[in-house]
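Written out below as structure tokens is the structure these notes cover.
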Amino acid sequence: LQPKFFLSKLCRIKSLSIPYKMGNADNYGYPSMMNNNNGENTGIHRVEIPPPQPFFKSLKNTVKETLFPDDPLKQFKNQKPLRKFILGVQYFFPIFEWGSRYNFGFFKADLIAGITIASLAIPQGISYAKLGNLPPILGLYSSFIPPLVYALMGSSRDLAVGTVAVGSLLMASMLGAEVNPAENPTLYLHLAFTATFFTGLFEVALGFFRLGFIVDFLSHATIVGFMGGAATVVILQQLKGILGLEHFTHATDVVSVLRSVFSQTHAWRWESAVLGFCFLFYLMLAKFLSQKRPKLFWVSAMAPLTSVILGTILVYITHAEKHGVAVIGELKKGINPPSIMDLSFGSKYMTTAIKTGIVTGVIALAEGIAVGRSFAMFKNYHIDGNKEMIAFGMMNIVGSCTSCYLTTGPFSRSAVNFNAGCKTAVSNIVMALAVMVTLLLLTPLFHFTPLVVLSSIIIAAMLGLIDYNAAIHLWHVDKFDFLVCMSAYIGVVFGNIEIGLVMAIGLSLLRVLLSVARPRTLVLGNIPNSMIYRNVEQYPNTNNVPGVLILDIGAPIFFTNSSYLRERISRWIDDEEDKLKSSGETTLQYVILDMGAVGNIDTSGISMFEEVKKNLDRRDLKLVLANPGAEVMKKLNKSKFIETLGQEWMFLTVGEAVEACNFMLHSCKPISSEDGSQKWSNNV
């Protein structure tokens, strides 16, 4: 806009015989003069209505932006059929894409990383299977087949696949509420396989239909609180192994666990406790050294396996199993037996298995994808979240048919893989082969492994999941996020895992709904010596425009917030008029709505605008819209609201709208004619 030139153009008008009545768009002859006598543009830009699009084209674009924001089919365009087939195979099996570039240098790095994570996977697998009330051997089975599937289909170079403590506890909690694993171990085992199958099916469906954004409803604050609470519960559960207790509560809340612990003080085994705390101290010391000196990462990685070896030797030599120290016992020798016939699709507990599969699937995806993206960011490469979901889903489907239970990409194992210098997913293949050798040859050696060592390994791993620094950061940055985090933590610790998860997700969704139903509306002022208009609270030095109220609407306008916005705009106007009346300044004449953040509008929003305009008309105020987007303009045009308002009262920028209002305020004034009506007169 060129204000001086524009002012001179309007001042050429000797007399405008248009009746004056504040609030009627047709009564101002102002912005229609966009061209000079030669038809040239004077610098005033008209807000355009986007050209109409066919319905199916518009629907196609909407679906594409919703489900395919990364345009995964772009690489297939203008390709020959054979090339399309090759690209399709590489898309679902990334190993065929990077495999051609694999070299011996990569293999050496992956070999070292694979052996390192195998040393962690073996004791962790056994420990987490016990945590899930499953046979210990399932932990080894789950570290053999799923990593091979992920190596073929996964896109992360650093993710190390295996079982996780939180998923194991969640499965134990949800399935254990329906079937007692001690009384009916076979049914419980079959339900675990079935739940794992549905986990995989759910993950594949999310990835195939590009619905990965659903996992985003688990916010960072939710995950921090949930993981911290689950880790606390897991640690408390391990007091059974540390103290050598035979009878223990199946409840997971802190009150029940502590009651169970302190009601059996007579059954505490000091031998088991001493052994447990000694190994826990060793594990924490190894982790501390690795954190202080990153080059010594292998010390922390090897510590669990070293603990298992030392504990097994100690029990074997001292015959501690005869003095109250519980041991694993016999582990079945051989690789994974098929379990496809054990899937209980006709069981009366089918609903429980499906619910468990979906809940554990969401948690597994949230952790696995977050971990994969974190390490991808460090190495500056991209992973496709939807492809990762398909990979996770397939490895759980295949795993459920080969005696495996829930697997994902745990942070602890992936961090060791990253620090060990892995280059590709071949490190998972190396780990799987190491576990296979263990299953074929070494399982008898775990007979005398004390359960207290497994408890120590779990506690050491879980202490790292209680991220109190992240909780403090949430408190400093966003109090509502801190509330979400603590609700998840308290719900898990004092209720159960499901309650904590529901509370956290419920609060997160409430925040989303509040942001939609109660969008921010701000008063804008002019930054001195500029045409820029900003929030008067953020920039206290801004100048108010006399006679003009500028409001910024900060969200799309839908049925959920239209009533609120109508009332809020009315209240802003009342406050502004009261302020002007008390100060004796120019009365309010114009209300400008900055629509820059309004990406869309529905029929309720349009009705709200119509009501606002009628309200302003009754108060002799003029409604002006600035910077409306294409979608908003299209709907306002179809609803005939633009005709009602007058397109001359719609501007590209707030600056243009203010200049127009200023001109009308300072350059023209109403005068009374002979017949008593009011007409425009030049005031320049």
Side-chain angles (χ1 to χ4, degrees), residues 124 127-128 130-133 163-174 176-177 218-243 245 248-264 273 276-277 279-281 283-284 287 304 359-360 362-364 366-367 370-371 406 408 410-412 451-452 454-475 481-505 507-508:
Q124 274 192 352
S127 304
Y128 295 161
K130 289 290 293 181
L131 180 63
N133 295 324
T163 55
V164 288
V166 174
S168 302
L169 179 66
L170 193 57
M171 184 171 286
S173 174
M174 297 184 72
L218 283 177
S219 65
H220 173 67
T222 302
I223 293 174
V224 169
F226 178 79
M227 290 296 185
T232 302
V233 169
V234 170
I235 290 171
L236 292 173
Q237 289 281 338
Q238 298 317 300
L239 292 176
K240 174 186 178 182
I242 293 291
L243 299 175
L245 299 176
F248 205 71
T249 180
H250 293 291
T252 58
D253 64 284
V254 63
V255 176
S256 299
V257 171
L258 292 180
R259 184 187 296 119
S260 181
V261 169
F262 289 102
S263 64
Q264 302 183 70
F277 284 112
F279 279 111
L280 180 60
F281 175 77
L283 291 166
M284 296 307 298
K287 180 182 290 187
V359 174
T360 54
V362 170
I363 298 299
E367 180 176 2
V371 170
L406 178 70
T408 184
F411 176 79
S412 58
L451 296 181
V452 66
L454 303 183
S455 297
S456 300
I457 292 171
I458 292 175
I459 292 174
M462 292 301 98
L463 287 173
L465 291 181
I466 304 176
D467 195 350
Y468 59 89
N469 286 324
I472 294 172
H473 178 72
L474 291 174
W475 169 258
D481 268 355
F482 178 78
L483 176 63
V484 171
C485 174
M486 293 310 299
S487 68
Y489 181 86
I490 293 172
V492 171
V493 172
F494 290 95
N496 55 47
I497 289 179
E498 296 94 321
I499 290 175
L501 197 58
V502 169
M503 286 177 62
I505 294 178
L507 279 174
S508 296

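Please read all numbers here as calculations on a predicted model, not as lab measurements.
Separating the CG atom in L474 from the NE2 atom in H220 is a distance of 5.5 Å, to the nearest 0.5 Å. With rounding to the nearest 0.5 angstrom, the CG atom of L258 is 9.0 Å from the CG atom of D253. One finds the OG atom of S173 at 9.0 Å from the CD atom of Q237 (value rounded to the nearest 0.5 Å). The CD1 atom of I458 sits 10.5 Å away from atom CD1 of I235, with the distance rounded to the nearest 0.5 Å. In this structure, the separation between CD on E367 and CD1 on I223 is 8.5 Å, given to the nearest 0.5 Å. Atom-to-atom distance recorded for L483:CG and I490:CD1 is 8.5 Å, nearest 0.5 angstrom.
Residues I459 and I242 form a side-chain contact, since some pair of their non-hydrogen atoms from C-beta on lies under 4.5 Å apart. Between M503 and L507, the closest side-chain pair of non-hydrogen atoms is not below 4.5 Å. In this structure, the side chains of M462 and V233 stay at 4.5 Å or more apart for every pair of heavy atoms. Residues Q124 and T163 fail the side-chain proximity criterion, which asks for heavy atoms closer than 4.5 Å. Residues V492 and T232 form no side-chain contact, since every pair of their non-hydrogen atoms from C-beta on lies 4.5 Å or further apart. You'll find the side chain of V166 reaches within 4.5 Å of the side chain of M227, heavy atoms only.
Annotation for Y128 and A165: closest pair CE2-CB, 3.7 Å, computed over non-hydrogen atoms. Here the closest heavy-atom approach between residue V224 and residue C485 is recorded as CG1-SG, 3.8 Å. When all heavy atoms of P304 and L283 are compared, the closest pair comes out as N-CD2, 3.8 Å. In terms of heavy atoms, L243 sits closest to A273 at CD2-CB, 4.3 Å. V484 and S508 make their closest contact through CG1-OG, 3.5 Å (heavy atoms, listed as atom of the first residue, atom of the second, distance). Residues V164 and P410 come closest through the heavy atom pair CG1-CB, 3.3 Å.
Looking at S263, its side chain does come within 3.5 Å of a backbone N or O of R259 through a donor-acceptor pair. Side chain of S456 to backbone of G276: a donor-acceptor contact under 3.5 angstrom is found.
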Given the rule in the side-chain contact (heavy atoms from CB on, under 4.5 Å) test, do L131 and Q238 qualify, once you have shown the distances and angles that lead to the verdict? CA-CA 8 Å; L131 180 63; Q238 298 317 300; 3.3 Å; yes
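At most 12 non-hydrogen atoms from other residues, nucleotides or ligands lie less than 6.0 angstrom from NZ of K130.
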